[in-house]
*Asks:* 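One structure coming up, written as structure tokens, with questions to follow.
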Amino acid sequence: MPSLITTEGEVSLSAAALIHQLKRVFRLHEGDKAIFFDGSGYEHECEIVSMDDETLRVRILETRPVKRFSERRLFLAASLIKKDNFEWVIQKGTELGVSGFIPLLSERSEKKGFNMERARKIMTEACEQSGRADVPELREPVDFENFFIEEKRKIVAFHTGGAPFDVGAPAELGEIVACVGPEGGWTEREVELFKARGAAIVRLNSPILRAETAAVAISTLVLLS
């Protein structure tokens, strides 16, 4: 949903794309019921009061919190790779329960541009598909060295030369930022910078994976185990 929804009464929303989806895709009409979310972690069961091409009016019937998929909070700091592959990471990461995405500009990044608006649309659609009620955080792309200046949470860097990664219990792992390199991996200088900043250097117990596959595998391991 494009804006926060109150917990009672009627609400009017100006959301042409949403209205088109309700009318043309789901074939809903006035009087029909649907469940909406606004990114706040709650879902709202509503009755459609009226809708035209520009405005939707709904009556709130019930508001309830949606339980998070995992007790862990994973933020994925992934080097920018080819557009379609990076968008796939955002889509699948959102479905799996990733709390936020940080596009990294590393030395071997394949591209520098990033469409924030399109990424937010992909995240929203992934939330709708998976039944998730909170939309992940999304940072603007950040240079590798500036990432360390701004990031104060526990950093775990995945690298083929690292120690085996142990997921541990949810309380032990807590909130982490998992760093995934580009095709070709981190450079030696970047690995040394990770070490200098106190990041854990770990590896998956797997064959060498493509960057996008590694990002989704890490998300699955951390959030669904």
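For clarity, every value in this text was computed on a predicted model and none was experimentally measured.
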*Asks:* Can you check whether S99 reaches L74 side chain to side chain, under 4.5 Å on heavy atoms?
*Replies:*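 Result no, sub-4.5 Å side-chain heavy-atom pair not found.
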*Asks:* Count the heavy atoms of every other residue, nucleotide or ligand shown that sit under 6.0 Å from CG of N205, and state whether that count exceeds 12.
*Replies:*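 Check fails, neighbour count at 12 or below.
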*Asks:* Main chain of A215, side chain of S219: is a donor-acceptor contact present, judged purely on distance under 3.5 Å?
*Replies:*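 Yes: the side chain of S219 pairs with the backbone of A215.
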*Asks:* Can a salt bridge be assigned to the pair K121 and E125 using a cut-off of 4.0 Å between side-chain N and carboxylate O?
*Replies:*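 Between E125 and K121 there is a salt bridge, with a charged N closer than 4.0 Å to a carboxylate O.
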*Asks:* Report yes or no: does D143 contribute a side-chain atom to a donor-acceptor pair with the main-chain N or O of N146 at less than 3.5 Å?
*Replies:*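 Absent.
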*Asks:* Applying the 4.5 Å side-chain criterion to the ILVMFWY set and letting contacts propagate, would L76 and L96 be lumped into a single cluster?
*Replies:*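 As far as the 4.5 Å side-chain criterion goes, L96 and L76 are connected within one cluster.
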*Asks:* As an exercise, state the distance from CZ of F114 to CZ of F101, rounded to the nearest 0.5 Å.
*Replies:*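 Taking CZ in F114 and CZ in F101, the distance rounds to 9.0 Å.
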*Asks:* Would you give the length of the straight line joining atom CD of E30 to atom CG of L56, rounded to the nearest 0.5 angstrom?
*Replies:*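 Those atoms lie 10.0 Å apart.
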*Asks:* Taking the side chain from E190 and the backbone from T187, do they hold a donor-acceptor pair closer than 3.5 Å?
*Replies:*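 Side chain of E190 to backbone of T187: a pair is present.
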*Asks:* What heavy-atom pair brings V191 and I201 nearest, and what distance separates the two atoms?
*Replies:*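 Between these two residues, the closest heavy atoms are O-CD1, 4.5 Å.
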*Asks:* Out of curiosity, D53 CG to H20 NE2, how far, rounded to the nearest 0.5 Å?
*Replies:*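 Answer for the CG-NE2 pair, D53 versus H20, is 9.5 Å.
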*Asks:* Does a side-chain heavy-atom distance below 4.5 Å link W88 with V216?
*Replies:*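 W88 reaches V216 side chain to side chain.
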*Asks:* Considering residues at least two apart in sequence or located in another chain, which fulfil the salt bridge (Lys or Arg N to Asp or Glu O under 4.0 Å) criterion with R189?
*Replies:*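 For R189 the salt bridge (Lys or Arg N to Asp or Glu O under 4.0 Å) partners, ignoring immediate neighbours, are E107, E145.
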*Asks:* Quick check: is L104 connected to V202 through a chain of hydrophobic side chains (ILVMFWY, heavy atoms under 4.5 Å apart)?
*Replies:*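 Cluster IDs for V202 and L104 differ.
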*Asks:* Answer whether the closest heavy-atom distance between the side chains of K82 and E183 falls below 4.5 Å.
*Replies:*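 No; the side chains remain at least 4.5 Å from each other.
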*Asks:* Can a side-chain donor-acceptor contact be found between R57 and S50 if the only test is distance below 3.5 angstrom?
*Replies:*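 Looking only at side-chain atoms, R57 and S50 do not form any donor-acceptor pair under 3.5 Å.
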*Asks:* Give a yes or no on whether the backbone of S106 and the side-chain of S109 come within a donor-acceptor separation of less than 3.5 Å.
*Replies:*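 Yes, the answer is positive, given that a donor and an acceptor are paired below the 3.5 Å cut-off.
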*Asks:* Is the backbone of I102 close enough, under 3.5 Å, to the side chain of R139 for a donor and an acceptor to pair up by distance?
*Replies:*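 Looks like no, no N/O pair under 3.5 Å.
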*Asks:* Check whether H159 reaches the backbone of A157 with its side chain - one donor and one acceptor, N or O, closer than 3.5 Å.
*Replies:*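 No, because the side chain of H159 does not come within donor-acceptor range (under 3.5 Å) of the backbone of A157.
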*Asks:* Kindly indicate, with the supporting measurements, whether the criterion side chain to side chain contact (heavy atoms under 4.5 Å, CB included) is fulfilled by R120 and M116.
*Replies:* CA-CA 6 Å; R120 290 193 180 98; M116 293 284 289; 3.4 Å; yes
*Asks:* Are I218 and F86 joined in one hydrophobic group, where the rule is that I, L, V, M, F, W and Y side chains link up if heavy atoms are under 4.5 Å apart?
*Replies:*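 Yes, because I218 and F86 connect within a single hydrophobic cluster, where side-chain heavy atoms sit under 4.5 Å apart.
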*Asks:* Tell me whether R108 contacts the main-chain N or O of G185 through its side chain, where contact means a donor paired with an acceptor under 3.5 Å.
*Replies:*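 Indeed, once roles are kept as given, a pair shorter than 3.5 Å links the two residues.
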*Asks:* Other residues, nucleotides and ligands only: do more than 12 of their heavy atoms fall within 6.0 Å of OH on Y42?
*Replies:*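 Counting other residues, nucleotides and ligands, OH of Y42 stays at 12 neighbours or fewer.
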*Asks:* Does the side chain of P103 reach to within under 4.5 Å of the side chain of L80, using non-hydrogen atoms?
*Replies:*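 Result yes, sub-4.5 Å side-chain heavy-atom pair found.
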*Asks:* Relative to the ring of F147, is the ring of F144 parallel (under 30°), tilted (30 to 60°) or perpendicular (over 60°)?
*Replies:*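 Aromatic pair F144/F147 classed tilted.
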*Asks:* Quick check on E150: does its CD atom have over 12 non-hydrogen neighbours (other residues, nucleotides or ligands) under 6.0 Å away?
*Replies:*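 Enclosed: over 12 neighbouring heavy atoms sit under 6.0 Å from CD of E150.
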*Asks:* Going only through I, L, V, M, F, W and Y residues with side-chain contacts under 4.5 Å, is there a path from F75 to L138?
*Replies:*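 No; L138 is not reachable from F75 via cluster members.
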*Asks:* Please name the pair of heavy atoms, one in P182 and one in I81, separated by the smallest distance, quoted to 0.1 Å.
*Replies:*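 For P182 versus I81, the nearest heavy atoms are CA-CG2, 4.2 Å.
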*Asks:* Under 6.0 Å between ring centres: does that hold for F158 and F165?
*Replies:*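 Yes; F165 has its ring centre under 6.0 Å from that of F158.
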*Asks:* Is R132 reaching over with its side chain to a backbone N or O of T94, donor-acceptor style, under 3.5 angstrom?
*Replies:*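 Yes, the answer is positive, given that a donor and an acceptor are paired below the 3.5 Å cut-off.
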